Trainee: 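Provided herewith is a single structure, encoded as structure tokens, for subsequent inquiry.
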Protein chains: 2
Amino acid sequence: MKSRVSRCPIEEVMQILSGRWPTLLIYYLKQGTKRFSDLRRDNPTISHKMLALELRKLEDAGIVTRTEFDGYPLRVEYELTPAGERLVPLIDALGDWWEATSDAGVPSIA
Amino acid sequence: MKSRVSRCPIEEVMQILSGRWPTLLIYYLKQGTKRFSDLRRDNPTISHKMLALELRKLEDAGIVTRTEFDGYPLRVEYELTPAGERLVPLIDALGDWWEATSDAGVPSIA
DNA sequence: TCGTGGTTACAAAAAGGTGCGTAATTTACT
DNA sequence: AGTAAATTACGCACCTTTTTGTAACCACGA
């Protein structure tokens, strides 16, 4: 999804949150500051390329901060911004909604 | 995104809502019952293949109902389920969040 | 030589677009 | 009256575009 079709804010958010990783990364980052390698350990199936790309996307969107500590082994920390923290409950609400609807069986009949 | 990496409900919702179309279709369907061709007119850049696929996905997820009226030119109507209507405010909240954070300028400095 | 946090190039996989076919009936034209 | 064409909501096959994975490389030190 490289370009937008409307100027709607909803489409813009979905452009950022779409895909497997963004919400998962936010989920792990709400536990606190994480380093690149921490996030790779948290979900081992992401490739380092994808992790780098997704983190950049979240950074550009103002959801995470990237802090580089220059030193010997080179250390970078990722953390949710205040805006990112405000996003967390909204994502959780989606998860809750899904749990509720799938618990209710087939909603098209009920 | 064909398979899941965890059993997390958030990942499951994102599997359904990811991409350009799902939220847009829900947006138009909250205006009321729509037919296939209505939805194509609402957003002209979707192909009929994509529209059919996305509608099936939303149907399987219990977000929309598909009602087939068999007749001469064949008529099918799509409508939000109660669960789908409960989802609408959550999506709107994401849009509002995005508007608020992007209005605030660059959040990484502010 | 390994670990850190990447970038780049190439390849594989997935997503998406295009156009054709379909069924049944109305309408349009001759 | 007979024929052709249009409508509706797709499914299917083929092909292009986009996304993602893989692997290699980088610098810097312990």
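All figures in this text were calculated on a predicted structure; none of them were measured in a lab. Proteins come first, then strands; the chains are lettered A, B, ... in the order of their sequence lines, and each starts at number 1.
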Trainee: When you get a sec, tell me which of dG5(C), dC10(D), dG16(C) is the closest nucleotide to the side chain of V76(A)?
Mentor: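 Among dG5(C), dC10(D), dG16(C), the one nearest the side chain of V76(A) is dG5(C).
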Trainee: Taking only the side-chain heavy atoms of Y78(B) (C-beta and beyond), determine which of dG11(D), dA9(D), dG21(D) contains the nearest atom.
Mentor: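 The answer is dA9(D), which lies nearest to the side chain.
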Trainee: Under 4.0 angstrom, heavy atoms only, what part of the nucleic acid is R20(B) near: base, sugar-phosphate, or nothing?
Mentor: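 No contact at all - R20(B) keeps every heavy atom at 4.0 Å or more from the nucleic acid.
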Trainee: Would you work out how much the helix from dT1(C)-dA30(D) to dT30(C)-dA1(D) bends between its ends, with each end axis defined by five base pairs, to 10 degrees?
Mentor: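 If I round to tens, the end axes sit 30° apart.
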Trainee: Students often get this wrong, so: under 4.0 angstrom with heavy atoms, is F69(B) touching a base, only sugar-phosphate, or nothing?
Mentor: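 Nothing: the residue F69(B), judged by heavy atoms under 4.0 Å, touches no strand.
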Trainee: Could you verify whether a donor N or O on one side chain and an acceptor N or O on the other, from E12(A) and W98(B), lie under 3.5 Å apart?
Mentor: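 W98(B) and E12(A) do have a side-chain donor-acceptor pair below 3.5 Å.
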Trainee: Let me know the distance between CZ of R35(B) and P of dT7(D), rounded to the nearest Å.
Mentor: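 Value for this atom pair: 13 Å.
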Trainee: Kindly check if the number of other-residue, nucleotide or ligand heavy atoms within 6.0 Å of OH (Y78(B)) is above 12?
Mentor: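 Yes, enclosed.
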Trainee: Mind calculating the distance between NZ (K49(B)) and C1' (dC14(D)) to the nearest angstrom?
Mentor: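 One finds 9 Å between C1' of dC14(D) and NZ of K49(B), rounded.
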Trainee: Taking CD1 from I46(B) and P from dT18(C), how many angstroms apart are they, rounded to a whole number?
Mentor: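 Computing the I46(B):CD1 to dT18(C):P distance gives 12 Å.
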Trainee: Send over the distance from D70(B) CG to dA9(D) C1', rounded to a whole Å.
Mentor: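 Taking atom C1' of dA9(D) as the reference, CG of D70(B) is at 13 Å.
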Trainee: Could you tell me the separation between the CG atom of D38(B) and the P atom of dT7(D), rounded to a whole number of Å?
Mentor: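 Nearest whole value for this atom pair: 15 Å.
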Trainee: If you pin L53(A) and M50(B) to their nearest nucleotides in DNA chain C, which one's is more 5'?
Mentor: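 Going by which nucleotide is closer to the 5' end, it is L53(A).
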Trainee: Run the salt-bridge test on K30(B) and D92(B) with the 4.0 Å N-O cut-off and return the result as yes or no.
Mentor: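 Yes.
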Trainee: If I take atom CZ in residue R66(B) and atom P in nucleotide dT8(D), what distance separates them, rounded to the nearest angstrom?
Mentor: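 Spelled out: CZ on R66(B) to P on dT8(D) is 16 Å.
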Trainee: State plainly whether the residues D38(B) and R41(B) are in salt-bridge range, i.e. N to O under 4.0 Å.
Mentor: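 Yes.
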Trainee: Would you say the base of dG17(C) and the side-chain of H48(B) have a donor-acceptor pair closer than 3.5 Å?
Mentor: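 Counting by modelled atom types and ignoring angles, no donor-acceptor contact under 3.5 Å is found here.
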Trainee: If you compare all heavy atoms of V13(A) against all heavy atoms of W97(B), which two are closest, and at what distance to 0.1 Å?
Mentor: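 Taking V13(A) first and W97(B) second, the nearest heavy atoms are CG1-CZ3, 4.0 Å.
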Trainee: Measure from CG on L39(B) to P on dA9(D) and round the result to the nearest Å.
Mentor: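 The distance from CG of L39(B) to P of dA9(D) comes to 9 Å, rounded to the nearest Å.
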Trainee: Roughly, in whole Å, what's the span from CE in M1(B) to P in dG16(C)?
Mentor: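 Rounded to whole Å, this separation is 10 Å.
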Trainee: Can you tell me if the side-chain N/O atoms of S37(B) get under 4.0 Å from OP1 or OP2 in dA9(D)?
Mentor: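 Yes, such a contact exists.
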Trainee: Closer to the 5' end of DNA chain D via nearest nucleotide, is it G19(A) or L74(B)?
Mentor: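 Going by which nucleotide is closer to the 5' end, it is L74(B).
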Trainee: Have a look at R40(A) and say if it touches a base, only the backbone sugar-phosphate, or nothing, with a 4.0 Å heavy-atom cut-off.
Mentor: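 Contact class for R40(A): none.
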Trainee: Does any part of the side chain of R56(B), heavy atoms only, come nearer than 4.5 Å to the side chain of R66(B), both counted from C-beta?
Mentor: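 Yes, close enough: below the 4.5 Å cut-off.
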Trainee: Where is the tightest heavy-atom contact between T81(A) and V64(A), given as atom of each residue plus distance?
Mentor: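 Between these two residues, the closest heavy atoms are CG2-C, 3.7 Å.
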